[in-house]
Amino acid sequence: MSPRTTPPFRADHVGSLLRPAGLLAARQDAASGKISAGELRAAEDAAIREVVAFQQDVGLRAVTDGEFRRGSWHMDFIYQIGGIEKVPGNLLSVFHNEQGDIKFTPDAIRVGRKLSMDHTIFGDHFAFLKSVAGDSTAKQTIPAPSMVHYRSGVRAVVDESVYPDVEEFWGDVSAAYAAEVRGMGELGCAYLQVDDISLAYLNDPEQRAYIAARGEDPATMHLRYIGLTNGAVAGRPAGMAVTTHLCRGNHRSSWVASGGYDYVAEALFSELDVDGFFLEYDDERSGGFEPLRFVPKGKYVVLGLVTTKRPRLESKDELKRRIDEAARYVPLDQLCLSGQCGFASTELGNALTQADQEAKLRLIVETAQEVWG
């Protein structure tokens with residue numbers, strides 16, 4: 001085995017990182033009008049320079065901005081798509097953890113005109129990251145196009161007078177994302193990650209029942225979402241690696257869905273046009289490695305064996321044993337290692353300390369070096 005020089009890397013990470021206290025305070029001050037937008041930007045710039053240096057010191061080949069300019073991994077992006085408006089939420093989201101449930105009703109969306117991509121969303125974020133990344137690979141994360149639809153369904157968010165033909169809506173979602181991917185390519189992005197909860201959620205029978213209850217077909221929804229992403233990345237420039245991360249929910253160390261990848265695995269691995277798959281595999285909620293038998297040659301699986309939800313530090317022996325188990329279904333040379341999800345999909349972050357985060361990232365790097373060289 002040998003280290004990989006192109007993404008995904010043997011030791012990698014999903015992207016979001018715990019926000020430092022000073023940055024959280026600056027965001028609160030900006031929201032209350034105590035500091036200007038320019039002062040917040042300066043605080044973000046300083047924090048991102050520091051977190052890039054931190055990732056490099058840990059030994060990661062790919063660096064992100066930690067999603068430090070975002071409050072949420074996905075909604076900060078979706079609200080910037082042309083034609084999408086923010087409206088009060090009316091769907092209750094329930095996240096689970098060992099202590100109980102966390103309930104909240106986030107803001108929702110409404111499609112009030114034909115969708116468009118009026119600018120490269122997070123383009124300025126990426127440009128700054130690339131300017132401070134040095135020799136490291138600057139990695140950009142964006143939510144998958146399915147996130148425009150999954151939580152509510154088409155008619156709950158799309159005005160029928162705007163899209164009387166639902167197929168036109170799907171086509172415009174994919175076209176808008178394709179414009180985003182082109183824009184990122186023009187900025188020099190060589191590593192783009194498309195974050196997707198839907199393809200993981202659909203493995204959960206309760207989530208499929210939810211889709212059916214609103215009048216849509218859970219047996220084919222994953223195929224629709226795969227098609228959306230394929231349309232978005234079909235025109236990506238040569239040299240841009242695209243990966244996807246499948247998540248079952250990650251908010252304040254809590255989750256939404258459970259279930260292995262069996263329901264979507266064959267179509268996911270054989271049809272989704274990406275270079276690698278970041279898969280949660282940190283506990284029993286993720287099921288076994290058997291679905292990896294569908295991964296074709298030339299594609300990579302980044303095993304999310306290190307949990308980002310709890311501070312307990314896994315042992316190297318434990319990780320190596322599980323890597324060996326996965327290698328029964330897909331060759332070891334097609335495997336990599338990462339955390340199970342981001343450390344802070346929302347700015348509140350998971351219930352870990354900065355020291356916990358560092359220890360887990362160093363463990364990933366050291367274990368990968370011992371397994372793959």
Side-chain angles (χ1 to χ4, degrees), residues 1-20 23 41-70 120 122-142 180-195 233 236-245 274-276 278 299-304 306 308 333-339 342-344 354 357-373:
M1 299 299 115
S2 60
R4 284 184 51 74
T5 57
T6 57
F9 297 106
R10 296 298 187 193
D12 218 314
H13 70 126
V14 170
S16 67
L17 297 165
L18 295 171
R19 277 53 157 183
L23 177 58
R41 184 79 181 200
E44 291 170 342
D45 288 353
I48 290 167
R49 287 190 181 94
E50 290 180 5
V51 84
V52 166
F54 160 72
Q55 292 167 80
Q56 292 168 331
D57 179 68
V58 164
L60 293 165
R61 296 180 68 102
V63 297
T64 73
D65 63 4
E67 300 180 3
F68 279 8
R69 302 191 199 273
R70 306 185 212 178
T120 302
F122 300 157
D124 55 341
H125 298 190
F126 177 77
F128 180 81
L129 172 64
K130 194 170 187 296
S131 75
V132 299
D135 294 332
S136 302
T137 299
K139 176 180 179 178
Q140 181 63 41
T141 63
I142 61 173
E180 171 72 12
V181 172
R182 286 195 301 272
M184 279 294 168
E186 291 168 1
L187 291 169
C189 179
Y191 192 179
L192 183 68
Q193 179 177 294
V194 181
D195 293 322
V233 304
R236 63 186 181 271
M240 176 189 281
V242 177
T243 60
T244 189
H245 170 239
V274 296
D275 301 292
F278 281 74
K299 295 198 175 185
Y300 292 84
V301 172
V302 187
L303 297 170
V306 176
T308 61
D333 193 46
Q334 288 177 245
L335 296 175
C336 305
L337 180 64
S338 77
F343 289 90
Q354 295 281 352
Q357 175 178 260
E358 179 175 354
K360 285 177 177 284
L361 290 174
R362 289 192 183 279
L363 173 66
I364 290 166
V365 171
E366 292 171 7
T367 303
Q369 287 173 341
E370 292 179 16
V371 172
W372 290 283

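For the residue pair Gln193 / Lys139, a side-chain donor-acceptor distance below 3.5 Å is found, with atom types taken as modelled. A side-chain N or O of Asp12 and one of Tyr191 form a donor-acceptor pair less than 3.5 Å apart.
Of all non-hydrogen atoms in Cys336 and Phe9, the two that sit nearest each other are CB-O, 3.2 Å. Counting all heavy atoms, side chain and backbone alike, Ala133 lies closest to Val63 at CB-CG2, 3.9 Å. Contact record, Leu18 with Gln357: N-OE1, 2.8 Å, taken as the closest heavy-atom pair.
Using a 4.5 Å cut-off on side-chain heavy atoms (C-beta onward), Leu335 and Leu303 make contact. A heavy-atom distance below 4.5 Å is found between the side chains of Met184 and Met240.
Without hydrogens or angle criteria, Asp275 side chain to Ala241 main chain gives no donor-acceptor distance under 3.5 Å. Judged by distance alone, with hydrogens and angles left aside, the side-chain atoms of Arg182 form no donor-acceptor pair with the main-chain N or O of Glu186 at under 3.5 Å. Between the side chain of Ser338 and the main chain of His13, no donor-acceptor pair closer than 3.5 Å is present. Checked by atom type and distance alone, the side chain of Gln56 never pairs as donor or acceptor with a backbone atom of Gly134 at under 3.5 Å. At distances below 3.5 Å, at least one donor-acceptor pair connects side-chain atoms of Thr64 with backbone N or O atoms of Gly15. Using a distance-only test at 3.5 Å, with no hydrogens or angles considered, a donor-acceptor pair links the side chain of Gln334 to the main chain of Lys299. At least one donor-acceptor pair under 3.5 Å links the side chain of Thr308 to the backbone N or O of Gly342.
Leu192 contributes atom CG, which lies 9.0 Å from atom CZ of Phe126 (distance to the nearest 0.5 angstrom).
Remark: Arg41 engages Asp124 in a salt bridge, criterion side-chain N to carboxylate O under 4.0 Å.
Within the structure, salt bridge (charged side-chain N to carboxylate O under 4.0 Å, His left out) contacts touching residues 52-69 (residues at least two apart or in different chains) are Glu44-Arg69, Asp45-Arg69, Asp57-Arg362, Glu67-Arg70.
Remark: Arg19 is not positioned above the aromatic ring of Phe68, lacking an NZ or CZ atom under 6.0 angstrom from the ring centre and at most 45 degrees off the axis.
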